[in-house]
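Here's the structure, in structure tokens; my notes come after.
Below, chains carry the letters A, B, ... as their sequence lines are ordered, and counting in each starts from 1.
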Amino acid sequence: MTPESDETKSSPNFIRDIIQKDISEHKHQHIITRFPPEPNGYLHVGHAKSICLNFGIAEDFKGDCNLRFDDTNPEKEEQEYIDSIREDIEWLGFHWKTNPSASDYFDQLYDYAVRLIKLGLAYVDSQNADETRNNRGTLTEAGKNSPFRDRSIEENLQLFEDMKNDKFSDGEYVLRAKIDMASPNIKMRDPVIYRIRHATHHNTGDKWCIYPMYDFTHCLSDMIEGITHSLCTLEFEDHRPLYDWILDKLETPCHPQQIEFARLQIKYTLTSKRLLNQLVQEKIVDGWNDPRMPTISGMRRRGFTPESIKTFSDIIGVTKKNSTIEMGVLENCLREDLNARATRRMAVLHPLKVIIENYPENEVEMITGKNHPQNPEFGTREIPFSREIYIEQEDFMEDAPRKFFRLSAGREVRLRFAYYITCKEVIKNDDGTIRELICTYDPESKGGQSPDGRKVKGTIHWVSAEHSTTTTVQLYDRLFNVENPSKLKELHQALNPESLIIIKNSKLEPAIDCERQPLAYQFERLGYFIADLNSSNESPVFNRTMTLRDSWAKIEKEQSRS
RNA sequence: UGGGCCGUCGCCAAGCGGUAAGGCACUAGGUUUUGAUCCUAGCAUGCGUAGGUUCGAAUCCUGCCGGCCCAGCCA
């Protein structure tokens, strides 16, 4: 392995170790993994971890990864979700070898079920759902055999065929694997493998009225595709004996290895399709792609980059330990990527008018600003400067503490790339709020340096009033104010009322493009911002992707505490 | 309570019998026309706990404690 290829590969983990060993021992020559979502919702960060794992392994071991829709429950699945899943995976930058659906295998699956019956290892049960549950036993007590467990193979064959041929109504019969009703592993107590469901399937239409269950479908689908390593989350550990049992009894040509890893949990957020769906259905958020959602589409709309999500998935690791990662880790990955790649611009979120009284009235001059402070390849742009400008309300304080490096009465500050200004007068409204500032500028300080070399500690951003664009800005924060919202009885209990703040009257410098771009801007000193999907030059809307690190906020908080 | 799995720094996480990597967070400095970035330093005599094996244990053994998952005709 060359050092170069080393860099592009992902971090080692126990699953990669297993695969590496299998290759060394010539157990496999070509690795095939799969990402198998059920198309019943949108993909979220938790899925991203699995996608990066499965597709990443395929890339690094020069194998393949299939995208397989696990679509065995027609009542929950829709084409809309299929489309979004494909879009999200492609956006992340991964490519699948093939994109089958479990429903493509329904004929084969049916044949395998028949084979299991012929082997005397499956039977048609006439118990209803309640009876089945009551006879399953408990965690500590064995279950009871179904009174229909010993039907003849012929009778089972006939009943199963009748099930398929629409002779019965939903719930009347099920096909069960004949394993052991006394197994300490409840998953092995004669699991249902086929049920009757009169529903139109998005892929197979009305061809079928019986549908195979997950446990029967998954192992066989993996086997059909020649998957070598079937990676899934920890809650399926108890299913593995069943996965293996089915493949063993059917003596299939190959036997994929199921390996389980811990699912991703992030503090203050949800990684459960069911609960995310609830947020959407109850209109707590604006849809699956609401920028506050931890869905791939929400994150994309918010301004996350695929690279940051991949880096995150890589550094959090893959283990069997349930853990909850801090949001800060994801945020750091985003900031790291955006800091290197985002073009700098100036914008004022909460404008405060500043009149520079000694600047000529109708004059406009162009100021040159770097598009990136460290990287000259980004070039420069011209920024108009004039007598009336806007600065951030937060950047002025009438009587400021010693450590406040910004503008205050009588003090001097640098306007980024432009001039030094000194505050001469504060004009107030009748209610005492500040209306505007009268300042003077030092013509000698053009570009932000003065010939006398005097030190000006503070530098603030600004925008020429006349040349600015007015925009709406949406600020986002965590949706919940509790660490583990999935434990909540009621999601409403812990909603963060400030998860979305809309600012109507923010000002942008002219060089900002208000049509959606692939990469966020950095608005200097404020954070990373990206035009929303609905933004246009006529009515601009920017989403704050992420704030900058803010050590001043920390100092401020400490000061107010003491 | 039967079965399965898991406990290494505040949060992740390497480690696989030879004397505790790394990241995030945090703390203290330095550079800086973004209080950003960047740089430098600090941050587990300790690996859930109690014993045992060994010249040597986070790594092996035993007991205990704690956490997660399983009783859908969902996936």
Side-chain angles (χ1 to χ4, degrees), chain A residues 11-13 17 36-38 40 70-73 75-77 102 125 127-129 132-134 136-143 170-176 182-189 191-197 210-211 213-215 217-218 232-241 260 262 267 273-274 315-333 335-336 339-340 344 346 369-370 372-374 403-406 414-418 420 447-449 456-461 522-527 547-556:
Chain A
S11 316
N13 59 53
D17 290 347
E38 182 186 13
N40 67 345
D70 216 342
D71 54 352
T72 56
N73 186 357
E75 286 165 329
K76 287 188 176 175
E77 297 150 5
D125 196 353
Q127 295 182 109
N128 62 33
T132 307
R133 186 182 336 108
N134 292 335
R136 187 151 24 227
T138 67
L139 295 178
T140 51
E141 295 163 291
D170 288 3
E172 222 175 320
Y173 293 95
V174 290
L175 183 69
R176 291 231 249 170
S183 172
N185 179 352
I186 294 174
K187 285 281 165 318
M188 297 296 272
R189 317 239 261 231
V192 171
I193 57 177
Y194 262 93
R195 79 286 213 188
I196 301 171
R197 191 117 314 170
I210 58 171
Y211 291 93
M213 299 287 288
Y214 164 85
D215 286 301
T217 308
H218 209 90
C232 62
T233 43
L234 251 27
E235 67 268 30
F236 292 101
E237 281 174 320
D238 289 347
H239 297 240
R240 183 163 16 98
E260 310 85 11
K267 288 186 182 176
K273 251 195 239 176
R274 181 179 61 84
I315 67 169
I316 56 174
V318 179
T319 67
K320 290 177 84 78
K321 181 174 131 192
N322 279 311
S323 58
T324 307
I325 196 126
E326 286 172 348
M327 277 264 235
V329 179
L330 213 207
E331 294 175 354
N332 185 259
C333 293
R335 287 198 184 107
E336 202 170 54
N339 177 53
R344 269 56 171 181
M346 288 198 288
K370 288 184 191 171
H372 193 289
Q374 277 84 231
K403 282 191 158 180
F404 187 80
F405 304 146
R406 310 175 187 184
R414 173 168 36 236
L415 295 176
R416 172 128 245 230
F417 304 128
Y420 293 171
Q449 276 166 306
V456 171
K457 177 73 177 166
T459 302
I460 63 174
H461 58 278
Q522 185 193 100
F523 292 170
E524 294 206 30
R525 304 212 303 132
L526 296 174
T547 59
L548 258 26
R549 250 194 220 92
D550 189 354
S551 51
W552 168 244
K554 246 178 249 167
I555 296 168
E556 245 186 340

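The CD atom of A/E260 sits 9 Å away from the P atom of B/rC5 (whole-angstrom rounding). With rounding to whole Å, A/R414 atom CZ is found 10 Å from B/rU32 atom C1'. Rounded to a whole Å, the OH atom of A/Y173 is 18 Å from the P atom of B/rC73. Distance A/K187 NZ to B/rC5 P: 15 Å, rounded to the nearest Å. Between the C1' atom of B/rC12 and the CE atom of A/M327 lies a distance of 16 Å, rounded to the nearest Å. If you measure from atom CD of A/E235 to atom C1' of B/rC6, you get 14 Å, rounded to the nearest angstrom. A/N322 places its CG atom 8 Å from the C1' atom of B/rG67, with the value rounded to the nearest Å. Nucleotide B/rC73 holds its C1' atom 6 Å from the CE atom of A/M213, rounded to whole Å.
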Output one line per pair: protein atom, nucleotide atom from nucleotides 23-26 of chain B, and distance, for all N/O pairs under 3.5 Å.
residue : atom : partner : partner atom : Å
B/rA25  : OP1  : A/R549  : NE           : 3.2
B/rA25  : OP1  : A/R549  : NH2          : 3.0
B/rC26  : OP1  : A/K554  : NZ           : 2.8

Show me the protein contacts with nucleotides 1-3 of chain B, counting only N or O atoms at under 3.5 Å.
residue : atom : partner : partner atom : Å
B/rG2   : N9   : A/L139  : O            : 3.1
B/rG2   : N2   : A/P184  : O            : 3.3
B/rG2   : N3   : A/L139  : O            : 3.0
B/rG3   : N2   : A/D238  : OD1          : 3.4
B/rG3   : N2   : A/D238  : OD2          : 2.8

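Base-pair partner of B/rA41: B/rU27 (Watson-Crick or G-U wobble, both distances under 3.5 Å). Look at B/rC73: it lacks any Watson-Crick or wobble partner with both distances under 3.5 angstrom. Here B/rG18 sits opposite B/rC55 as a Watson-Crick or G-U wobble pair (both hydrogen-bonding atom distances under 3.5 Å). Across all strands shown, B/rA13 remains unpaired; no Watson-Crick or G-U wobble contact has both distances below 3.5 Å. Base pairing of B/rG66: its partner is B/rC6, meeting the Watson-Crick or G-U wobble criterion (both donor-acceptor distances under 3.5 Å).
By the neighbour-count criterion of 12 heavy atoms within 6.0 Å, atom NZ of A/K267 is densely surrounded, having more than that number from other residues, nucleotides or ligands.
Close to B/rC74, at under 4.0 Å from its OP1 or OP2, lies a side-chain N or O of A/R195. Note on A/T72: every side-chain N or O is 4.0 Å or more away from OP1 and OP2 of B/rC74. At the phosphate of B/rA13, OP1 or OP2 sits under 4.0 Å from a side-chain N or O atom of A/T319. Between B/rG72 and A/R133, a contact under 4.0 Å exists linking OP1 or OP2 to a side-chain N or O. Neither OP1 nor OP2 of B/rC70 sits under 4.0 Å from any side-chain N or O of A/R189. Residue A/S551 places at least one side-chain N or O closer than 4.0 Å to OP1 or OP2 of B/rA36.
In this structure, the nucleotide among B/rU8, B/rC12, B/rG35 sitting nearest to the side chain of A/K321 is B/rU8. Considering only side-chain atoms of A/F404, the nucleotide from B/rC73, B/rG35, B/rA75 that sits closest is B/rG35. Checking B/rG35, B/rA13, B/rU34 against the side-chain heavy atoms of A/Q522 singles out B/rU34 as nearest. Closest to the A/A129 side chain, of the nucleotides B/rC73, B/rU34, B/rC5, is B/rC73.
When the side-chain hydrogen bond (donor to acceptor under 3.5 Å, both in side chains) test is applied to A/R525, the partners found at least two apart in sequence or on another chain are A/D395, A/H461. Applying the side-chain hydrogen bond (donor to acceptor under 3.5 Å, both in side chains) rule to A/S11 yields the partners A/D314; only residues at least two apart in sequence or on another chain are considered. Judged as a salt bridge (Lys or Arg N to Asp or Glu O under 4.0 Å), and not counting sequence neighbours, A/R136 has no contacts. In this view, A/R416 and A/E524 satisfy the side-chain hydrogen bond (donor to acceptor under 3.5 Å, both in side chains) rule, not counting sequence neighbours.
Within 4.0 Å of A/S11, counting heavy atoms only, lies no atom of the nucleic acid at all. Here A/R136 lies in heavy-atom contact (under 4.0 Å) with sugar-phosphate atoms only. Within the 4.0 angstrom heavy-atom criterion, no nucleotide atom of any strand lies near A/E77. Residue contacts shown for A/K403 include a base, since a base heavy atom lies under 4.0 Å away.
Between A/D125 and A/R176 there is a salt bridge, since at least one side-chain N of the basic residue sits less than 4.0 Å from a carboxylate O of the acidic one.
Going from the C1' atom of B/rA44 to that of B/rA25 covers 16 Å, rounded to whole Å. Using P as the reference atom, B/rG48 and B/rA14 are 15 Å apart when rounded to the nearest Å.
Classification of B/rG72 as syn follows from a glycosidic angle within 90° of 0.
With hydrogens and angles ignored, a donor-acceptor pair under 3.5 angstrom links the side chain of A/R406 to the base of B/rG35.
We find that the ring of A/Y214 and the base of B/rA75 do not stack by the test of centres under 5.5 angstrom and planes tilted less than 30°.
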- Could you walk me through whether A/F236 and A/H218 pass side chain to side chain contact (heavy atoms under 4.5 Å, CB included), step by step? CA-CA 11 Å; A/F236 292 101; A/H218 209 90; over 6 Å; no

